[in-house]
Amino acid sequence: MCTSILYNAGDHYFGRNLDLEVSFGQEVVVTPRNYQFNFRRVPSMGHHYAIIGMALVKDNYPLYFDGANEEGLGMAGLNFDGPAHYFPLEEGKDNVSPFELIPYILGQCKNVAEARELLKKLNLVNINFSDQLQLSPLHWLIADRSGKSIVVESTVTGLHVYDNPVNVLTNNPEFPGQLTNLANYQGISPTTPPNQLAPDVNLAAYSRGLGSHMLPGGMDSASRFVKEVFTLHHAPTGKNELENVTNYFHCLHAVEQQEGLDEVVPGKFEATIYSDGINLSTGTFYYTTYQNNQINAVQLHHTDLNRQELALFPLQTEQVLHFQN
Ligand SMILES: C[C@H](CCC(=O)NCCS(=O)(=O)O)[C@H]1CC[C@H]2[C@@H]3[C@H](O)C[C@@H]4C[C@H](O)CC[C@]4(C)[C@H]3C[C@H](O)[C@]12C
């Protein structure tokens, strides 16, 4: 499972947890403006916005899991196994394969409004990257510096674009179902609730945090969605970048998966392999990994954005302890 968020705190921070039982060998990848993006069924892009994000590079092609462009538009692909449906080629549409969708949108759109326009003509076409790397069932969160986000889901009934009023995406069920489910939890609060159960009885508030007693805490996507909406919507705004980045990672780590808790096949456990976040205003990309909770950073504007070759930054996965004596 995965969780993706947009945290608005003056600047806007966008990214995700990637939860899985295997690692694909992903790294931080900067695609500069003059790298040639070849697409299977739509024209190539020789010049486009620069992109920074987490990707697996295969045959010199950046297969982005998530990322943002230099204009501050961010996008993440999350598992959507079951409802996801991709289509055959359709005349008169822009036929883009799901593995091409992140570069296709981030390469040419400045913001969510432009992405929305492009999506009107889009057909998510069933073309694999290769026999070894077949299509994944995904849906996407797209966000920008306005502090707003949308969800893109391609199902048997077509391509759907939803406003996302909570700026959170996890996995199943389809997004409208996730939103509907939130109503079941609207009583959850950071404050101690009044006794409405038996007002004539004196119930002792035996603990702090009773307002969140019914907050789900499971690894499943519906529980993470509710927990993350609560966490994000009560997150404080920091006074500076350091405080914002710290708050942001606390939000994501609130729904991280620890090893040993989610057995996906006998003996194999899904866990949060990495958490990342991009400051959409500055282009700084931050990440932690399961083994390394130190926050690492790669700065988009500290690489040469006018070249043609990808710039690769291998993940720093070693835990560093700061001994004090
Ligand atoms: C599995 C990842 C999503 C994380 C997630 O939701 N896991 C939950 C699994 S489950 O529901 O609990 O079973 C997704 C996110 C981005 C995906 C990758 C990106 O789309 C880029 C390429 C696309 C290729 O078609 C397939 C390999 C791939 C490299 C994808 C592998 C995999 O599907 C990734 C890594």
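Just so it is clear, the model here is predicted, and its values are computed rather than measured. Note that ligands are numbered from 1 as they come in the structure, with each ligand's atoms numbered from 1 the same way.
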Nearest non-hydrogen contact with [atom] belongs to which option: [options]?
| atom | options | answer |
| --- | --- | --- |
| atom 19 (C) of ligand 1 | F129, Y61, F65, W140 | F65 |
| atom 33 (O) of ligand 1 | P137, S130, P62, S136 | S136 |
| atom 9 (C) of ligand 1 | N171, D66, N79 | N79 |

Would Q134 count as a contact residue for ligand 1, given that I'm defining contact as a non-hydrogen atom of the residue lying under 4.0 Å from a ligand atom?
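So Q134 counts as touching ligand 1.
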
Among the heavy atoms of F24, does any lie under 4.0 Å from an atom of ligand 1?
yes

Sub-6.0 Å ring centroid separation between [X] and [Y]:
| X | Y | result |
| --- | --- | --- |
| Y104 | F39 | yes |
| F99 | F129 | yes |
| Y7 | H12 | no |

Ligand-side contact atoms (ligand 1) for residue partner [X], heavy atom cut-off under 4.0 Å:
| X | answer |
| --- | --- |
| C2 | 3 (C), 4 (C), 5 (C), 6 (O), 7 (N) |
| L135 | 25 (O) |
| E270 | 8 (C), 9 (C), 10 (S), 12 (O) |
| D19 | 4 (C), 5 (C), 7 (N), 8 (C) |
| G77 | 15 (C) |
| L20 | 1 (C), 7 (N), 9 (C) |
| L133 | 27 (C) |

Which residue is it: T272, D276, D66? I am looking for the one with a side chain to side chain donor-acceptor pair (under 3.5 Å) to R16.
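Looking at T272, D276, D66, the match for R16 under the side chain to side chain donor-acceptor pair (under 3.5 Å) is D66.
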
Answer yes if the side chains of Y286 and E241 hold a donor-acceptor pair under 3.5 Å, and no otherwise.
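There is such a pair between these side chains.
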
Minimum heavy-atom separation for [X] to [Y], with atom names?
| X | Y | result |
| --- | --- | --- |
| N38 | Y61 | O-CE1, 3.6 Å |
| F14 | A76 | CZ-N, 3.7 Å |
| V29 | P62 | CG1-CB, 4.2 Å |

Min N/O separation Y64 to ligand 1 under 3.5 Å:
no

Derivation and outcome, side chain to side chain contact (heavy atoms under 4.5 Å, CB included), residues V226 and L215
CA-CA 8 Å; V226 176; L215 184 65; 4.2 Å; yes

